[in-house]
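Structure, as structure tokens:
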Amino acid sequence: MKLLILDRDGVINQDSDAYIKSLEEWIPIPGSIEAIAQLSKAGWTVAVATNQSGIARGYYDLATLEAMHARLRTLVAEQGGEVGLIIYCPHGPDEGCDCRKPKPGMLQTIAAHYQVDLAGIWFVGDSKGDLEAALTVDAQPILVKTGKGEKTLSKGIPQGTLIFDDLAAIARELIHK
Ligand SMILES: O=P(O)(O)OC[C@@H](O)[C@H]1O[C@@H](OP(=O)(O)O)[C@@H](O)[C@@H](O)[C@@H]1O
Ligand SMILES: [Mg+2]
Ligand SMILES: [Zn+2]
């Protein structure tokens, strides 16, 4: 199965240090919607694993979060593609949940849903926690330079991480591989 797992903020849509708190603030990164649609049409299943501590912090509610994900699905569908399972961690950093990246919980949920082994599966993120989460399940960490990616890169990243400018570059690599 051709499975690609994406972080959300900073990979699919613009990120902000003030969190993405409303549908209006959820702005796709140029080329990302098209990239997901092209991958999907090329037979890839594209899943999403996103930390959303803004829920626990009270910055936005689940209805708002779901509206962002409905918008993502609509935009990709308009390009003839589809988005797979979207998993989010609504917890705060101090709640000790098993799903907040760099914990592996969300990636394991995706693996169980699709009944696949995550070894070598590409997990695309812009933060160090994304890359660390990938390593916990023997997936392939992929860093994009969008969102917090450049900052993450400057602080040092795990050996073996593959680096791409953005999700569009990843789609070009995987589709024409
Ligand atoms: O990149 P993903 O996982 O899709 O989502 C990240 C967001 O949940 C937010 O995560 C926060 O980190 P803390 O949760 O406050 O440590 C901050 O980095 C925010 O800037 C960011 O918008
Ligand atoms: Mg991110
Ligand atoms: Zn959680």
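Just follow the structure's listing: the first ligand is 1, and inside any ligand the first atom is 1. What's counted below: heavy atoms across the whole structure, side chains too, no hydrogens, waters or symmetry copies. In this text, all values refer to a predicted model and were calculated from it rather than measured experimentally.
Of all protein heavy atoms, the one closest to atom 18 (O) of ligand 1 is Lys148 NZ, 3.4 Å. Scanning the protein heavy atoms around atom 2 (P) of ligand 1, the nearest turns out to be Asp7 OD1, 2.8 Å. Here the heavy atom of the protein found nearest to atom 10 (O) of ligand 1 is Tyr19 CE2, 4.2 Å. Counting protein heavy atoms only, atom 7 (C) of ligand 1 is closest to Asp9 OD2, 3.3 Å. In terms of protein heavy atoms, atom 8 (O) of ligand 1 is closest to Asn51 O, 2.5 Å. The closest protein non-hydrogen atom to atom 14 (O) of ligand 1 is Ser53 OG, 2.7 Å. Scanning the protein for heavy atoms near atom 22 (O) of ligand 1, the closest one is Asp15 OD1, 2.6 Å. Nearest protein neighbour of atom 4 (O) of ligand 1, counting heavy atoms only, is Thr50 OG1, 2.5 Å.
Using a 4.5 Å cut-off between side-chain heavy atoms of Ile, Leu, Val, Met, Phe, Trp and Tyr, with links allowed through other members, Leu3 and Tyr88 fall into different hydrophobic clusters. Ile86 and Met1 are members of different hydrophobic clusters when ILVMFWY side chains are connected at heavy-atom separations under 4.5 Å. A chain of hydrophobic side-chain contacts below 4.5 Å, direct or via other Ile, Leu, Val, Met, Phe, Trp or Tyr residues, connects Leu39 to Leu72.
Of the candidates Arg8, His91, Lys101, it is Lys101 that places a heavy atom closest to atom 3 (O) of ligand 1.
Between the OD1 atom of Asp126 and the O atom of Asp9, the angle taken at the Mg ion (ligand 2) works out to 100° after rounding to 10°.
Set against the non-hydrogen atoms of Arg100, the atoms of ligand 1 under 4.0 Å away are 13 (P), 14 (O), 16 (O). When each atom of ligand 1 is checked for a heavy atom of Arg57 under 4.0 Å away, the hits are 13 (P), 15 (O).
In summary, the side chains of Arg57 and Tyr19 do present a donor paired with an acceptor at a separation below 3.5 Å, with no hydrogens or angles considered. Counted by atom type alone, Gln52 and Tyr60 present one or more donor-acceptor pairs between their side chains at under 3.5 Å. Side chains of Gln108 and Asp98: a donor-acceptor N/O pair is absent below 3.5 angstrom, by distance only.
In this structure, Ser16 has a heavy atom closer than 4.0 Å to ligand 1.
Residue Asp15 does not count as close to the Mg ion (ligand 2), with no N, O or S atom under 2.8 Å. In summary, Asp7 places an N/O/S atom under 2.8 Å from the Mg ion (ligand 2), meeting the contact criterion.
Few gaps surround CZ on Arg73; more than 12 heavy atoms of other groups in view lie less than 6.0 Å from it. Atom CD of Glu82 is surrounded by 12 or fewer heavy atoms from other residues, nucleotides or ligands within 6.0 Å. Within a 6.0 Å sphere centred on NZ of Lys2, other residues, nucleotides and ligands contribute more than 12 heavy atoms.
When the Zn ion (ligand 3) is compared with the N/O/S atoms of His91, atom ND1 turns out nearest.
Considering Asp130, Asp17, Asp7 in turn, Asp17 is the only one that fulfils the salt bridge (Lys or Arg N to Asp or Glu O under 4.0 Å) rule with Lys148.
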